[in-house]
2 protein chains.
Amino acid sequence: MSAIKKTVSKPKAEHGTSLRTAFHEIRELIVHGRLSPGTWIVEGDLAARLGMSRTPVRGALHWLQREGYVLEHKNVSKSRMIVAPLTKEDANELYSIIGRIEGLAGRRTASLPDEKRSEIAQQLRNYNRQLEEIVKARPAKAHGIFDLDHNFHRSIIESGAGPRLMALHKAIEPQTERYWRLYASSIIHDLHRSIAEHEEIIEAISAGDADRVEKALQVNWENGAERLGHVIDVFGERGSW
Amino acid sequence: MSAIKKTVSKPKAEHGTSLRTAFHEIRELIVHGRLSPGTWIVEGDLAARLGMSRTPVRGALHWLQREGYVLEHKNVSKSRMIVAPLTKEDANELYSIIGRIEGLAGRRTASLPDEKRSEIAQQLRNYNRQLEEIVKARPAKAHGIFDLDHNFHRSIIESGAGPRLMALHKAIEPQTERYWRLYASSIIHDLHRSIAEHEEIIEAISAGDADRVEKALQVNWENGAERLGHVIDVFGERGSW
DNA sequence: GTATCCAATTTTGTAGACATTTTTAAATGC
DNA sequence: GCATTTAAAAATGTCTACAAAATTGGATAC
């Protein structure tokens with residue numbers, strides 16, 4: 001109980017931004033591969049790298065674990081964390097899960113009133129048309145594709161899914177970006193197929209046929225996994241690089 | 001008890017147990033309704049209640065959020081958390097999601113070699129038989145039912161799902177317990193229907209028909225949601241009690 | 001009586017310290 | 001040279017302190 005309680009200066013970012021920052025930064029590091037799949041994660045290192053204390057880093061890691069970017073070996077607590085590896089099997093599982101989730105959402109989208117449905121269909125057609133243009137314009141540049149495809153699917157979710165399904169999709173779907181970034185240039189080659197599958201989705205929505213929409217979405221993701229698997233076979237799994 | 005406790009006050013549980021404890025305790029509080037749906041959660045209160053600091057409580061809340069027991073208003077960080085409410089709509093969404101997830105796992109279970117499949121089928125039949133016995137023996141006591149049903153479904157998942165799907169199921173399925181506990185006594189009445197649906201699942205697995213297994217599991221959950229919805233209609237949503 | 005602004009309280013976010021466990025490396029014995 | 005034990009280092013789990021927000025309640029003006 002000294003008289004002088006020297007307040008060690010706290011640089012202080014802006015309060016309430018560190019966790020957010022940590023989450024996004026670390027996620028970025030993982031998605032862009034600067035943190036290789038399989039790497040051991042050390043809280044302290046990341047904290048130093050991001051210029052903050054371990055507290056928000058730890059929180060961010062929990063979040064990233066929740067989203068599947070980071071894995072632990074044991075269960076709750078005792079976290080010995082690693083960057084989630086990218087494997088063909090995981091891609092298969094990931095894609096089929098998303099297929100079901102979106103299928104479920106699409107089912108409800110298909111049950112909306114006609115007016116809403118045609119509105120959405122138009123929106124989707126718009127995205128798909130832009131994708132087509134990219135395909136036509138060779139050399140196709142990869143950058144916009146991911147976002148367009150992302151938007152296409154997000155539109156369906158947002159119109160059909162309830163809060164729980166939406167949250168689930170929001171947590172899982174972004175993980176495809178890691179695979180996308182790794183194999184993008186090779187995937188573009190098959191883009192026209194995905195576009196064709198999108199057409200079927202759009203038509204099914206227009207028709208208001210729930211079963212057909214669900215099936216079409218599942219197929220789109222299932223085929224996407226297949227296409228991706230093919231590329232992985234050729235280039236090998238990127239456990240680290 | 002010691003005479004000279006020069007320690008600077010570090011009660012110290014056992015190191016590495018607090019987070020686990022907090023997670024389970026809080027989850028228990030929520031599942032048993034001692035933390036009512038919709039209640040505002042205050043880290044400090046819980047910490048005091050559990051006799052630990054806010055740090056592990058905060059971590060546990062992140063986990064519980066991941067599992068869906070707790071909701072936030074904003075996104076990452078800025079957690080203003082509440083206990084997730086129990087509504088008919090949420091139950092519907094929850095159940096249909098689980099139906100898809102299990103369906104996906106069941107699909108792969110159905111693709112296992114004959115030997116494995118009949119092994120699993122036997123295990124499932126065993127669980128289902130125990131459920132039947134409970135139905136017959138009136139008054140049916142609620143306690144064992146949830147666990148049996150739980151085991152039934154878990155067997156399917158564990159035999160068919162990959163790590164990702166397994167983790168997802170493990171995170172989502174336990175949430176049904178909240179609805180179960182709320183409306184258990186009323187659900188028991190319809191138990192025989194669920195048992196019949198289980199038979200279909202078992203047969204489909206025995207036959208190795210992936211589509212049929214997937215469908216049967218979806219139907220089981222879909223119908224479960226319907227049965228639950230009926231009860232909720234009668235007794236009202238328990239936003240708090 | 002109502003609305004608005006300001007102060008006090010509560011609650012969350014972050015940092016840093018410390019304890020314990022795990023890992024790594026070295027040293028010793030055989 | 002290999003294995004085992006032991007000491008040092010690193011990493012994680014938890015606690016406490018403090019700062020920044022957010023909320024609440026009251027006082028004042030109209």
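Chain letters run A, B, ... following the sequence lines, proteins first and then strands; every chain starts at 1.
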For atom CD of Glu43(B) and atom P of dC15(D), their distance in whole Å | 13 Å
Please state how far atom CH2 in Trp40(B) lies from atom P in dT12(C), giving the value in whole angstrom units.
-> 9 Å
Does the side-chain contact (heavy atoms from CB on, under 4.5 Å) test come out yes or no for Gln65(A) and Met81(A), once each step is laid out?
-> CA-CA 9 Å; Gln65(A) 187 189 337; Met81(A) 308 216 239; 3.9 Å; yes
Applying side chain to side chain donor-acceptor pair (under 3.5 Å), name anything that partners Arg54(B), two or more places apart in sequence or on another chain.
-> Glu43(B)
Separation of Leu61(A) atom CG from dA11(D) atom P, in whole Å?
-> 14 Å
Atom-pair distance (CG on Asp45(B); P on dT10(C)), nearest Å = 11 Å
For Leu46(A), answer base if it contacts any base atom (sugar-phosphate contacts may also be present), sugar-phosphate if it contacts only those atoms, and nothing otherwise; contact means non-hydrogen atoms under 4.0 Å.
-> nothing
Specify the angle, to 10°, made by the local axes at the two ends of the helix from dG1(C)-dC30(D) to dC30(C)-dG1(D) when five pairs are taken at each end.
-> 0°
Classify the nucleic acid contact of Ile41(A) as base, sugar-phosphate or nothing, counting any heavy atom under 4.0 Å across all strands shown.
-> sugar-phosphate
Any residue meeting ring pair (Phe, Tyr, Trp, His ring centres under 6.0 Å) with Phe152(B), in chain and number order, not counting sequence neighbours | His198(B)
Hey, is the side chain of Arg80(B) poking within less than 4.0 Å of OP1 or OP2 on dT12(C), counting only N and O atoms?
-> no
Could you pull out all residues at least two apart from Tyr95(A) that satisfy ring pair (Phe, Tyr, Trp, His ring centres under 6.0 Å)?
-> Trp221(A)
Let me know the distance between CD1 of Ile82(B) and P of dT12(C), rounded to the nearest Å.
-> 13 Å
With sequence neighbours excluded, tell me which residues meet salt bridge (charged side-chain N to carboxylate O under 4.0 Å, His left out) with Arg49(B).
-> none
Specify the separation, in whole Å, of atom CZ of Arg20(A) and atom P of dA20(D).
-> 19 Å
With sequence neighbours excluded, tell me which residues meet salt bridge (charged side-chain N to carboxylate O under 4.0 Å, His left out) with Glu28(A).
-> none
Among the nucleotides dT14(D), dA20(D), dT11(C), which one has an atom lying closest to any side-chain atom of His15(A)?
-> dA20(D)
Atom CZ of Arg58(B) and atom C1' of dT16(D) are separated, to the nearest Å, by 14 Å
Ring pair (Phe, Tyr, Trp, His ring centres under 6.0 Å) against His230(A), all qualifying residues, sequence neighbours excluded = none
Gap between atoms CD and P, on Glu72(B) and dT12(C) respectively (whole Å) | 13 Å
In numerical order, the residues of residues 48-57 of chain A whose heavy atoms come under 4.0 Å of DNA chain C are Met52(A), Ser53(A), Thr55(A), Pro56(A)
Go through Arg178(A) and Val83(A) one step at a time and tell me if the side-chain contact (heavy atoms from CB on, under 4.5 Å) criterion holds.
-> CA-CA 12 Å; Arg178(A) 295 183 72 200; Val83(A) 179; 3.6 Å; yes
With sequence neighbours left out, write down each residue that passes salt bridge (charged side-chain N to carboxylate O under 4.0 Å, His left out) with Asp90(B), or none if nothing qualifies.
-> Arg164(A)
